[in-house]
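We use all heavy atoms of the structure for the numbers below, so side chains are in, but hydrogens, waters and symmetry mates are not. Note that ligands are numbered from 1 as they come in the structure, with each ligand's atoms numbered from 1 the same way. No experiment lies behind these values; they were computed from the predicted model shown.
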Amino acid sequence: MMVSPDVIKPIEWFHGRVRYLDQTLLPAKVEYRETEDESVLASEIKRLAIRAAPLIGIAAAYGVALAINKVEKDDPAQRKFAFERAYTLFAATRPTAVNLFWALERMRRVFRANEQEPLDKLKHNLLAEARSIHEEDRKMCEQIGLHGAELLPTAAAVLTHCNTGRLATGGIGTALGIIATAWEQKKLKHVYIDETRPLLQGSRLTTWELSMYGIPATLVVDSAAGFLMQRGLVNAVIVGADRIAANGDVANKIGTYGLAVLAKHHQIPFYVAAPTSTIDFDVASGALIPIEQRASSELFQFFDQSFPGGDIEVYNPAFDITPNALVTAIITEKGVIERPTAESMSSLRSHSELSKRAGQAEVST
Ligand code: MRU
C-alpha cells in the first residue's frame, strides 16, 4: 500500500518539545526524536538530521522558543541572556541558507516588542511567531507549486537536484512542490533525480518522497545530467535555493551550477524555486554569499571503506553559486522573475524586509 506524503512531518512543536524526523537515517529508518534542549536542536541542524533552507529557519525559530521556555525568573537580564545565547547558537549552525537568519531576526523583533511584557506573554508570543514562520512557509510552498507548474510544458520531464520537498520545508516543498503540483495537474511525465553527492539527499530523500506520490522517477548519478540532456530526456531543470543574492545569483547544493551550464548548452529552461525568505537583499551578488565547507570525512568514507590515504586534501563545499545569467526564472510565492537581474529582483522587495546580515559569518562544520 502506498503511504500518503502527508505523513511526512519533518518538524513540529509537540507539548513543549520539538519533535523532528532524523533525516540522516532515511530511507532505511523513519525515526522521530524529541527534545526540549535548544543545544540538541542546534547540533541536529549541524549534522543534517534537520536540513534544507526553509526547514532550518523553522527549526531555529522553535529552538529560540525552547530556550525562552526554560527561563524561570521574570528578570530582564535573564530573559535577554537566554534569547541572545539561543540566537548566537543557531546563527552558528550553518552559514549559507539565509532563511535561518531571517527566522532568527523575526524572533528578535518579537522579543524586543515584548520586552516590557510578563514572561508568560513573551513565551507565548515567541512560540506564536515560530508557529507563524512554519505555517507561512507551508502556504508559500503552495503558491510556488502553482506558479511553477504553470511554466512547465505538458508531458514535462524534469531533472532535479538535492531534496526540496516536504522534508525540506513546512509544506509540499519548493522545486519538489512544483513537481508534486504538476503531477496533480497531470502535466508531469517523469522526474530524474540527481543522487546529490556526497550526502545523497537525492537518492535517500527525494526518491523516498516521490515514491509516496507514485510519481514516475529515475535516479541518476550527478554526472549523468549532461548525457540525459544530450539524449533529449529532460525538458526542464528545477532546483531549490539556500540563498539568492539581490541580483538573482543563486546559492544551492553543490552541483547546481554545473546543471545550469549544461542546461544553457542544451537550451533547456533552468528554474530556481524558493520562497522570498531565501532572498538576501543585503548581498549584492553571489560572490558575497558565505559557502559552508563540510568535513572531509563526507568524501573519503564510503560504506565501510575509508580513502584516500597519504596527504591528499579534501575540498568539500556544500553549495555553489549559479550566476543569474544562467537562470531562466526564479519562482517565488509572490510570482515569477524571468531572467533575474538586480532591477527585476527588486520588485520582490517588501517594505517589511528584515535584514539578514547576521548570515555573513563563515562557519566550518
Ligand atoms: O545541505 P542541505 O541538505 O541542507 O542542502 C539543501 C539544499 O541545498 C536545498 O536545495 C535548499 O536548501 C532548498 S530546500 C527547499
> Tell me, please, whether F319 has K253 positioned over its six-membered ring: NZ or CZ under 6.0 Å from the ring centre and within 45 degrees of its axis?
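Satisfied, under 6.0 Å and within 45°.
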
> Is it the side chain, the backbone, both or neither of K253 that has a heavy atom closer than 4.0 Å to ligand 1?
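For K253, the contact with ligand 1 is made by both the backbone and the side chain.
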
> Short list, please: which atoms of ligand 1 are under 4.0 Å from a heavy atom of A53?
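In order of number, 12 (O).
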
> To check your reading of the model: name the closest protein heavy atom to atom 3 (O) of ligand 1, its residue, and the distance in Å.
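For atom 3 (O) of ligand 1, the nearest protein heavy atom is R51 NE, 2.6 Å.
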
> Considering both backbone and side-chain atoms of N163, is one of its nitrogen or oxygen atoms within less than 3.5 Å of a nitrogen or oxygen in ligand 1?
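Such a contact does not occur with ligand 1.
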
> Near F319, which atoms of ligand 1 are under 4.0 Å from a heavy atom of that residue?
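Counting from 1, the qualifying ligand atoms are 1 (O), 5 (O), 8 (O).
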
> Nearest 0.5 Å, please: how far is CD1 in I56 from CD1 in I50?
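With rounding to 0.5 Å, CD1 (I50) is 10.0 Å from CD1 (I56).
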
> Quick test: of every protein heavy atom, which one is nearest to atom 7 (C) of ligand 1, and how far off is it to 0.1 Å?
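Going by distance alone, atom 7 (C) of ligand 1 is nearest to D242 OD1, 3.3 Å.
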
> Can you tell me which residue and heavy atom of the protein come closest to atom 9 (C) of ligand 1, and the distance to 0.1 Å?
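Of the protein heavy atoms, N252 OD1, 3.5 Å lies nearest.
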
> Less than 4.5 Å apart, side chain to side chain, heavy atoms only: is that true for L152 and Q185?
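L152 does not reach Q185 side chain to side chain.
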
> Could you check whether the rings of Y62 and H134 sit parallel, tilted or perpendicular, using 30° and 60° as the cut-offs?
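Perpendicular.
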
> Could you check if a side-chain atom of T174 sits within less than 4.5 angstrom of a side-chain atom of I331, using non-hydrogen atoms only?
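Of all side-chain heavy-atom pairs linking I331 with T174, none is under 4.5 Å.
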
> Any luck finding a side-chain donor-acceptor pair between N99 and S277 under 3.5 Å?
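Indeed, the side chains of N99 and S277 share at least one donor-acceptor pair under 3.5 Å.
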
> Quiz question: by atom type and distance under 3.5 Å, do the side chains of N125 and E117 form a donor-acceptor pair?
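No donor-acceptor contact under 3.5 Å links the two side chains.
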
> With a cut-off of under 6.0 Å to the ring centre and 45° to the axis, is R108 in cation-pi contact with Y87?
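Judged by the rule, R108 and Y87 form a cation-pi pair.
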
> Is it the side chain (CB and beyond), the backbone, both or neither of A241 that lies under 4.0 Å from ligand 1, heavy atoms counted?
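Looking at A241 and ligand 1, just backbone atoms fall under 4.0 Å.
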
> If you count the atoms of ligand 1 from 1 in the order shown, which ones are under 4.0 Å from a heavy atom of T174?
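Heavy-atom distances to T174 below 4.0 Å select 15 (C).
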
> For H161, which part has a heavy atom under 4.0 Å from ligand 1: side chain, backbone, both, or neither?
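Neither part.
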
> Say whether D22 and T24, considering side chains only, have a donor N or O and an acceptor N or O under 3.5 Å apart.
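On atom types as modelled, these side chains qualify, holding a pair under 3.5 Å.
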
> Is it true that the side chains of E333 and T276 contain a donor and an acceptor less than 3.5 Å apart?
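T276 and E333 do have a side-chain donor-acceptor pair below 3.5 Å.
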
> How far is atom 4 (O) of ligand 1 from the closest protein heavy atom, and which atom is that?
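Scanning the protein heavy atoms, the shortest distance from atom 4 (O) of ligand 1 goes to R94 NH1, 2.7 Å.
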
> Decide whether the shortest distance between a heavy atom of A97 and an atom of ligand 1 is less than 4.0 Å.
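It does not; every heavy atom stays at 4.0 Å or beyond.
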
> Is the contact between C162 and ligand 1 made by the side chain, the backbone, both, or neither, using heavy atoms and a 4.0 Å cut-off?
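Looking at C162 and ligand 1, just side chain atoms fall under 4.0 Å.
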
> Please identify which atoms of ligand 1 are closer than 4.0 Å to at least one heavy atom of Q201.
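Checking each atom against Q201, I get 1 (O), 2 (P), 3 (O).
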
> Look only at interatomic distance and state if A52 has a nitrogen or oxygen under 3.5 Å from any nitrogen or oxygen of ligand 1.
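Yes - when backbone and side-chain N and O of A52 are compared with those of ligand 1, one distance drops under 3.5 Å.
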
